[in-house]
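When reading the values below, keep in mind they use all heavy atoms of this one structure, side chains included, and skip hydrogens, waters and symmetry mates. Numbered from 1 within each chain, the chains take letters A, B, ... in sequence-line order.
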Amino acid sequence: MDKYTFFDNVFDVVRQIPFGKATSYGAIAKYLGSAKSSRMVGYAMNASHQLIPPIPAHRVVNRNGLLTGKHHFGENSMQELLEAEGFVIENNQIKDFDKHFWDPNVELAL
DNA sequence: GAGGTGACGACCC
DNA sequence: TGGGTCGCCACCT
């Protein structure tokens, strides 16, 4: 059996993010039981590009709703993907992020 | 095998 | 209030 690491759990959570919603690295990390492992969540996203199926990493942004990882997607891809889902991006940041915020700690009712 | 790095976040001063 | 540092754990060299 493949041993599921923190890394793998991140992918699992991200795949459950519903359309039109977004969450933060820290929220996922906290859901997984390691709030301080937010760095790992972001790093996991780095590997998401080679995963099948491609996980909606664009729905994962930092605590401020800032598109910190847009450079890893491509300058425009991340923002356009989010806008296509109804998000309003302003200055590389999700406007009213808290309204679109999807908290795995609540939605997945750990 | 060991050390450095990294899409962040929280704490400390 | 703002800047600096630590922590976390998997991946790369």
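At most 12 non-hydrogen atoms from other residues, nucleotides or ligands lie less than 6.0 angstrom from CZ of A:Arg63. No more than 12 heavy atoms of other residues, nucleotides or ligands lie within 6.0 Å of NZ in A:Lys36, so this atom counts as exposed by the packing criterion.
In this model, a donor atom of one side chain and an acceptor atom of the other lie less than 3.5 Å apart for A:Lys70 and A:Asn92.
Across the protein-nucleic acid pair, A:Gln50 atom CD and C:dA10 atom C1' stand 13 Å apart, rounded to whole Å. Note: CG (A:Asn9) to C1' (C:dC8) measures 15 Å, nearest angstrom. Between the CG atom of A:Leu32 and the P atom of B:dG9 there is a distance of 14 Å, rounded to whole Å. C:dC11 atom C1' lies 13 Å from atom CG of A:Asp8, rounded to whole Å. One can place NZ of A:Lys30 at 20 Å from P of C:dG7, the figure rounded to the nearest angstrom. One atom, CG of A:Leu51, and another, C1' of C:dA10, lie 14 Å apart when rounded to the nearest Å.
In this model, no side-chain donor or acceptor of A:Ser37 finds a partner on the base of C:dC8 within 3.5 Å.
Using a distance-only test at 3.5 Å, with no hydrogens or angles considered, no donor-acceptor pair links the side chain of A:Ser37 to the main chain of A:Met40.
The list of salt bridge (Lys or Arg N to Asp or Glu O under 4.0 Å) pairs with a residue in residues 37-59 of chain A, not counting sequence neighbours, reads A:Arg59-A:Glu85. Evaluation of the ring pair (Phe, Tyr, Trp, His ring centres under 6.0 Å) test over residues 32-55 of chain A, restricted to residues two or more places apart or in two chains, returns A:His49-A:Phe73.
Looking at heavy-atom distances under 4.0 Å, A:Phe7 makes contact with sugar-phosphate atoms alone, never a base. Here A:Ala47 lies out of heavy-atom contact (under 4.0 Å) with every strand. Counting any heavy atom pair closer than 4.0 Å across all strands shown, A:His58 reaches no nucleic acid atom.
Within the model, atoms CD1 of A:Ile89 and CG of A:Leu82 stand 4.5 Å from one another, a figure rounded to the nearest 0.5 Å.
Where A:Ser38 and A:Thr5 meet DNA chain C, the nucleotide closest to each residue was compared, and A:Ser38 sits on the side nearer the 5' end.
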What N/O pairs connect the protein and nucleotides 1-6 of chain B at under 3.5 Å? Give each pair on its own line.
from: B:dG6; atom 1: N7; to: A:Arg39; atom 2: NH2; distance (Å): 2.8

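In this structure, of C:dC8, B:dG9, B:dC8, it is C:dC8 that holds the atom nearest to the side chain of A:Lys36.
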